[in-house]
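Counting from 1, the numbers follow the sequence of the chain as shown. Just so you know, ligand 1 is whichever comes first in the structure, and atom 1 is the first atom listed for that ligand.
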Amino acid sequence: MIELRNLRKTYGHGPRAVRALDDVSISVPAGEIFGVVGRSGAGKSTLLRTVNVLERPDSGTVTLDGTLMTGLEGGALRQARRSVGMVFQHFNLLANRSIQQNVEFALEAARVPRGKRASQAAEMLDLVGLKDRGGAYPAQLSGGQKQRVGIARALAAKPRVLLSDEATSALDPETTESILDLIRSINRELKLTVLLITHEMDVVKRICDSAALMENGAIVEQGELVEVIRTP
Ligand code: ADP
Ligand code: ADP
């Protein structure tokens, strides 16, 4: 479960200050997919980075499955972050490593013992439909396949929460659908709680249980999908 309470964040000072988060509160029940939709500059990336405290809010709290993330620092925060996986718009794969090695690298960062990494990485590549492609390098893959690796990597350390930063924005419509369907099926299979940000309402309509509309750092609409998409 993701609990964001009264988050505020301002960048800069004085007349140039930008209020990126203006009293944002969101609850995502365990196992649900929640979408935050809004234009560029609305504050979505800031919000997402606040969830695992890559960005520290000026005030407000982030609680993940009962752990007060905003109360942690240093090693304790790094350890708590391992329960959060993240998927990126531009995949962020290591070009000089095979996709198997890309996933193993994430496992190493998560302190998974060396002897378990190869099998756990292979299991994740199987989950995303890339069973026999472990030896391939990122440049040999299509955009959709790269994002499948991104998802495998995000899930490798078996997080409870998945954060998705415009995961399909660099993909064509057909590939977008297949990646969204994959996220949906993994959400169901692993009972993963998912928070995604996007500028595309179609993404929200396809896979989210609930959603919020963000403008100028604030949530202007929030609810079950049917309510949000009725607003103009
Ligand atoms: P979105 O993801 O919806 O495009 P962002 O969270 O990236 O929105 O940005 C929200 C606002 O905060 C924008 O006005 C942006 O320019 C500003 N902003 C984001 N990051 C920084 C930063 N590190 N320093 C200063 N301003 C920032
Ligand atoms: P995106 O919307 O795709 O996340 P942005 O261009 O908004 O990309 O942001 C890219 C990076 O630049 C982010 O780390 C963000 O915090 C930072 N950033 C965005 N706006 C500003 C700004 N006005 N001043 C400084 N850094 C910014």
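- Partner of Glu55 under the salt bridge (Lys or Arg N to Asp or Glu O under 4.0 Å) criterion, out of Arg8, Arg49, Lys44: Arg49 alone.
- Geometrically, ligand 1 and Arg49 share no nitrogen or oxygen pair separated by less than 3.5 Å.
- Residue Ala42 has at least one heavy-atom neighbour below 4.0 Å for each of these atoms of ligand 1: 1 (P), 3 (O), 8 (O).
- Atom CZ of Arg206 sits about 9.5 Å away from atom OG1 of Thr176, to the nearest 0.5 Å.
- In summary, of the residues considered (Arg184, Glu189, Lys191), a side-chain hydrogen bond (donor to acceptor under 3.5 Å, both in side chains) with Asn187 occurs for Arg184 alone.
- Using a non-hydrogen distance threshold of 4.0 Å, Arg39 registers as a contact of ligand 1.
- Here the shortest heavy-atom pairing between Ala109 and Arg82 reads O-NE, 4.0 Å.
- The atoms of ligand 1 that sit less than 4.0 Å from any heavy atom of Ser45 are 1 (P), 2 (O), 6 (O), 7 (O).
- Note on ligand 1: Gly41 sits in its first shell, one or more heavy atoms being nearer than 4.0 Å.
- Using a 4.5 Å cut-off on side-chain heavy atoms (C-beta onward), Arg160 and Leu64 make no contact.
- Taking a 4.0 Å cut-off on heavy atoms, Ser40 registers as neighbouring ligand 1.
- If you look at Val18 next to ligand 1, the close heavy atoms, those under 4.0 Å, all belong to the side chain.
- Taking only nitrogen or oxygen atoms, main chain and side chain alike, Ile197 does not reach within less than 3.5 Å of ligand 1.
- To the nearest 0.5 angstrom, Ile151 atom CD1 is 14.5 Å from Lys146 atom NZ.
- Proximity to Ala20 (heavy-atom distance under 4.0 Å) selects the following atoms of ligand 1: 12 (O).
- A salt bridge links Lys158 with Glu123: the closest approach of a Lys/Arg side-chain nitrogen to an acidic carboxylate oxygen falls below 4.0 angstrom.
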